[in-house]
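What follows is a set of notes on a single structure, which appears directly below.
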Amino acid sequence: MRGLSISISDDDTIAMLGLKVRTLFFSPLFSSSSSSSSSSRTRLKPYLTSSPSNLRIRMSSSSSAPSQIIEHVVLFKVKDETGPEKVAGMMSGLNGLTSLDQVLHLSAGPIHRNRSSAFNFTHMLHSRYSSKEDLSAYSGHPSHVSVVKESVLPICEDLMAVDWVAGNLSGPVEPRPGSAMRLTFMRLNEGLGDEEKEKVLGAVGEIKDCLGSLDQMTYGENFSPARAKGFSIASIAIFPRVNELEALDSIPEVVQLQKDKVRDLLDHVIVIDYVVPPSQSASL
């Protein structure tokens with residue numbers, strides 16, 4: 001098993017959050033202790049940074065989705081001794097970045113449930129962009145740099161960032177406040193090729209058709225490996241409320257077939273549940 005902790009420098013952390021970078025739903029049966037042995041209705045055009053039309057597109061994104069988006073997820077482990085006011089400051093700073101032109105959606109908050117004992121992440125950020133270039137522009141924006149240096153670095157001891165292209169997104173770009181997400185990150189066994197990777201991605205895609213209460217699901221291959229701790233496949237499954245998400249725990253057979261198909265290909269899995277918090281942009 002690869003090491004599960006890292007030493008964070010300012011440069012490493014900022015890069016992890018995306019400055020130098022330009023979830024598949026599995027039930028808890030896809031245990032985080034996996035053995036190491038074994039059509040959208042409306043298409044939105046990309047927009048130019050700082051153009052007045054950007055705001056119109058971003059405001060309308062709650063009712064329609066572009067044909068392709070970039071998913072960006074960052075997991076944070078806040079130091080145990082950190083006071084609540086500093087954690088609140090970090091969350092406020094991160095959520096304030098939703099006002100940047102490049103951002104289609106952004107929310108940050110505490111993790112509802114971490115199902116992976118090896119990684120004790122406490123908070124997360126989920127954001128969406130219309131292109132890799134927009135993600136890069138967001139990451140290099142002075143406001144983002146300031147939040148990372150002033151509010152994130154001083155209180156976090158571990159981070160992980162994963163990015164993937166989500167094609168054919170259906171439904172709103174902005175998940176409703178109160179929506180519940182299950183995020184899954186998979187690290188494949190070493191030495192596997194494209195064929196095995198496609199097999200895992202295929203198993204993830206098949207799960208989507210089994211989940212009747214699902215609002216939305218995206219999955220794909222991580223394109224920013226430097227800060228992903230070796231996790232190369234990720235997914236987000238979005239449910240209307242926490243109740244629908246937690247109800248899946250009582251029907252584990254839903255993903256049993258897909259689990260059996262790829263169990264021997266996985267080195268480790270992180271499964272995290274997250275509830276989208278109320279929008280804070282109006283008060284920032």
Side-chain angles (χ1 to χ4, degrees), residues 6 8-23 40 43-61 65-76 90-108 121 123-153 156 158-169 172-175 183 185 218-236 281 284:
I6 60 173
I8 301 174
S9 67
D10 286 9
D11 289 342
D12 283 344
T13 305
I14 295 172
M16 188 177 303
L17 292 174
L19 289 176
K20 295 181 181 178
V21 173
R22 226 315 141 172
T23 91
S40 66
R43 295 179 181 268
L44 301 181
K45 298 179 180 180
Y47 51 89
L48 298 175
T49 302
S50 300
S51 166
S53 63
N54 292 3
L55 293 179
R56 290 196 295 271
I57 291 176
R58 185 151 46 85
M59 290 173 66
S60 66
S61 65
S67 58
Q68 176 179 289
I69 63 165
I70 303 302
E71 299 275 27
H72 175 61
V73 176
V74 183
L75 304 178
F76 307 84
M90 182 180 78
M91 291 295 98
S92 178
L94 291 171
N95 279 300
L97 298 174
T98 191
S99 63
L100 300 183
D101 287 346
Q102 299 85 3
V103 176
L104 294 177
H105 161 72
L106 184 149
S107 74
F121 294 114
H123 296 74
M124 65 162 272
L125 176 145
H126 170 230
S127 55
R128 288 174 163 175
Y129 308 85
S130 61
S131 66
K132 293 181 180 180
E133 290 75 18
D134 280 349
L135 171 59
S136 177
Y138 153 84
S139 299
H141 194 284
S143 295
H144 177 260
V145 176
S146 177
V147 170
V148 172
K149 287 187 174 180
E150 296 176 11
S151 299
V152 176
L153 286 174
C156 288
D158 197 8
L159 298 114
M160 173 176 147
V162 179
D163 306 309
W164 69 97
V165 178
N168 298 317
L169 178 71
V173 172
E174 298 183 56
L183 299 98
F185 307 92
T218 77
Y219 61 95
E221 182 178 355
N222 175 44
F223 61 78
S224 304
R227 301 295 181 252
K229 298 181 182 291
F231 289 85
S232 60
I233 295 177
S235 75
I236 298 176
S281 59
L284 293 173

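Across all non-hydrogen atoms, the minimal contact from His72 to Leu135 is CG-CD1, 3.9 Å. Listed here is the closest heavy atom pair of Ala161 and Val74: CB-CG2, 4.2 Å. Taking each heavy atom of Glu71 and Ala166 in turn, the nearest pair found is CG-CB, 3.9 Å. Heavy atoms only, all atoms of each residue included: Cys156 and Met90 are closest at SG-SD, 3.7 Å. In terms of heavy atoms, Asp158 sits closest to Lys229 at OD1-NZ, 3.0 Å. Looking at every heavy atom in both residues, Gly93 comes nearest to Val147 through O-CG2, 3.6 Å.
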Go through the steps for Phe121 and Leu159 under the test side chain to side chain contact (heavy atoms under 4.5 Å, CB included), then give the verdict.
CA-CA 8 Å; Phe121 294 114; Leu159 298 114; 5.7 Å; no
Check against side chain to side chain contact (heavy atoms under 4.5 Å, CB included), Leu100 and Thr98:
CA-CA 5 Å; Leu100 300 183; Thr98 191; over 6 Å; no
Evaluate side chain to side chain contact (heavy atoms under 4.5 Å, CB included) for Val73 paired with Leu183, printing each intermediate quantity in order.
CA-CA 9 Å; Val73 176; Leu183 299 98; 3.9 Å; yes
For the pair Phe185 and Val162, evaluate side chain to side chain contact (heavy atoms under 4.5 Å, CB included) and give the outcome as yes or no after the intermediate values.
CA-CA 9 Å; Phe185 307 92; Val162 179; 3.9 Å; yes
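Within the 4.5 Å cutoff, the side chain of Ile70 has no heavy atoms near those of the Ser130 side chain. The shortest distance between side-chain heavy atoms of Tyr129 and Val103 falls below 4.5 Å. Taking the side chain as every heavy atom from C-beta outward, Asn222 and Trp164 never approach each other to under 4.5 Å. Thr218 is listed as a side-chain neighbour of Leu169, based on a closest heavy-atom distance under 4.5 Å. Using a 4.5 Å cut-off on side-chain heavy atoms (C-beta onward), His123 and Val152 make no contact.
Using bins of under 30°, 30° to 60° and over 60° for the plane-to-plane angle, the ring pair Tyr138/His144 lands in the tilted bin.
A donor-acceptor pair is defined here as one N or O able to donate and one able to accept, closer than 3.5 Å; such a pair exists between the side chain of Ser99 and the backbone of Gly96. No donor-acceptor distance shorter than 3.5 angstrom exists from the side chain of Arg128 to the backbone of Leu106, with no hydrogens or angles considered.
Applying the side-chain contact (heavy atoms from CB on, under 4.5 Å) rule to Ser146 yields the partners Glu150; only residues at least two apart in sequence or on another chain are considered. Considering only residues two or more places apart in sequence or on other chains, His126 meets the ring-ring contact (aromatic ring centres under 6.0 Å, His included) condition with His105.
The OG atom of Ser92 sits 10.0 Å away from the CG atom of Leu97 when rounded to the nearest 0.5 Å. Within the model, atoms OG of Ser107 and CE of Met124 stand 6.0 Å from one another, a figure rounded to the nearest 0.5 Å.
Electrostatic pairing of Arg227 and Asp163 does not count as a salt bridge here, judged by no charged N lying under 4.0 Å from a carboxylate O.
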